[in-house]
Novice: 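First, the structure itself, so that you have it in front of you.
Everything numeric in this text was worked out from a predicted model, so none of it was measured. Residue numbers start from 1 in every chain, and the chains themselves are labelled A, B, ... in the order their sequence lines are given, proteins ahead of strands.
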Amino acid sequence: MLTNSFIHIDGVGDIIERRIWAEGAQSWLDFLSAPPKFLSYPMVKQIYKELEKSMQALEEGDIYYFKRTLPTRYHWRLYPEFKDYICFFDIETTGLSAFQSHITTVACYDGKKTTTFVRDENLHDLPDHIKKYKVLSTFNGKMFDVPFVEQEMKIRLGQPNIDLMHVLKGLGYKGGLKACENKLGIGREELKGVDGRVAITLWQCFKETGNRDFLDTMLAYNVEDAVNLQRLLIICHNMRLEQYKTLEIDPIPETPKPECEYKINMDCLHLSIKKIPTYF
DNA sequence: GTAAAGATGCACGGATTGGG
DNA sequence: CCCAATCCGTGCATCTTTAC
C-alpha cells in the first residue's frame, strides 16, 4: 500500500491521489513509466523527484522519511512494507495517571514472537527491546502507553505509532478496545466482561500473595491484547483497501493466532474481579 | 500574456474520546 | 478519574485551466 501512495507528496491530497489511481498509475512504478495526462508538467516533475526519494527511503528502511511526509491518519499504510519491523504492544499499570501510577507488565508482539516484561523482574530490559523496532502499534497508545513508557523509563519512542483507536474511529468503530473487538468478531470468550481494571487487582494479589498464577493470568490477558492488535490492524487495512475501489491490491491474509504460553487461572481471575473497588 | 474562474490543498479551532 | 491527539467542517491560499 505504501508503494501505491502519493498523498505524502506536497501538492497531492486525497482527491488528486484517487485520480492518479483512476487514470492508470496504481503504483510508484506505474507512475514513473506512464504519468497520468491530467497533471501539469511541473507537477509530474515534482512527483518524480519525490518518488525517487520515497524509493530510496523504502530501500534504506528510513521510517523517519515516511513519518515526516505521510500524514498520520495514513500511517496504517506503513504496515505491509514494515511488517517485519513492527511491535504491537500493550502495558498494564496501577492506574491512569503516569504521575501517580506505575507500569506493572508489558506485552510486545512482533508478528512472530511475544515478549513480556514484569516490574521488579525484567522491566528494565524494555527500552533496549522496544527501540529495535521501526514502527509501533497500540490502542490509544498515543495518549496512554507511549507517554507512560517514556515518562517512567526515561526514554523517547520516536517511531511512528499506528494507533488503532484512531484507525478504527475513522472506520466508524468506537467504544473501546473490547467493544471494537466484539463488533469485528474477534472478541474473547473467557475474558467476556473483563476490562483493564482487573489488571490492577491481579497485580495487587500477585504482590500480596506471591502466587505466580495471578501474574500468569495477567500476562495471558496482556499478551492477548497485544496479539489481537495485529489482527485488528490487518482487518482495518483491508477495510481501507475496499474503500479505494479504483485500487487493485490484494488484501493481507489473516495470520494464525500464536499459542499463548501463559495460562489463565479462573479462580485468580474471579478473585481479582471481586476486589475491584466499586468507586471506579 | 493575462486575468478570472474553478479546483483543491491546507491551516485553524472546537468537539470528542478512552486508557487501567 | 484526566489529558491531549485526532477528526471534521469552514474558510482562505494557491495552483491550474481556459478563453481571449
Novice: Rounded to whole angstroms, how far apart are CG on A:N140 and P on C:dT6?
Specialist: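 Distance, rounded to whole Å: 11 Å.
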Novice: Is it the case that one hydrophobic cluster holds both A:I63 and A:L136, taking links as side-chain heavy atoms less than 4.5 Å apart, direct or via other members?
Specialist: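 As far as the 4.5 Å side-chain criterion goes, A:L136 and A:I63 are not connected within one cluster.
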Novice: If we count only N and O atoms by modelled type, under 3.5 Å, do the side chains of A:T217 and A:N265 hold a donor and an acceptor together?
Specialist: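 The answer is no; no qualifying pair exists.
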Novice: Whole Å only: how far is the CG atom of A:L96 from the P atom of C:dC1?
Specialist: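 To the nearest whole Å, that distance equals 11 Å.
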Novice: Answer with base, sugar-phosphate or nothing: what part of the nucleic acid does A:D90 contact at a heavy-atom distance below 4.0 Å?
Specialist: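 Touches sugar-phosphate only.
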Novice: Rounding to an integer number of Å, can you tell me how far A:H166 NE2 sits from B:dG19 P?
Specialist: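 Rounded to the whole Å, the gap is 11 Å.
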Novice: Taking 4.0 Å as the cut-off, does a side-chain nitrogen or oxygen of A:K142 come that near to OP1 or OP2 on C:dT6?
Specialist: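 Affirmative; the distance criterion is met.
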Novice: Both A:I15 and A:M143 contact DNA chain B. Which one's nearest nucleotide lies toward the 5' end?
Specialist: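 Comparing both residues, the 5'-ward one is A:I15.
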Novice: Does A:F82 share a hydrophobic cluster with A:L232, counting links as ILVMFWY side-chain heavy atoms below 4.5 Å and allowing steps through other members?
Specialist: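 Yes; A:L232 is reachable from A:F82 via cluster members.
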Novice: Starting at the 5' end of DNA chain C and moving along, which residue's nearest nucleotide shows up first, A:R73 or A:F99?
Specialist: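 That would be A:F99.
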Novice: CZ of A:F139 versus P of B:dG18: gap in Å, rounded?
Specialist: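 Nearest whole value for this atom pair: 7 Å.
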Novice: Please work out which of the three classes, parallel, tilted or perpendicular, describes the rings of A:F6 and A:F31, given edges at 30° and 60°.
Specialist: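 Tilted.
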Novice: Just the rounded figure in Å: distance from P of B:dG19 to OH of A:Y221.
Specialist: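 Value for this atom pair: 9 Å.
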Novice: Roughly, in whole Å, what's the span from CG in A:N161 to P in B:dG19?
Specialist: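 These atoms are roughly 14 Å apart.
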Novice: From CG of A:D225 over to P of B:dG18, roughly how many Å is that when rounded to an integer?
Specialist: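 Distance, rounded to whole Å: 16 Å.
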Novice: On DNA chain B, check which nucleotide each of A:E17 and A:M165 is closest to and give me the residue with the more 5' one.
Specialist: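 The residue closer to the strand's 5' end, by nearest nucleotide, is A:E17.
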Novice: Tell me: CZ of A:F6 to P of B:dT8, nearest whole Å?
Specialist: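 Rounded to whole Å, this separation is 17 Å.
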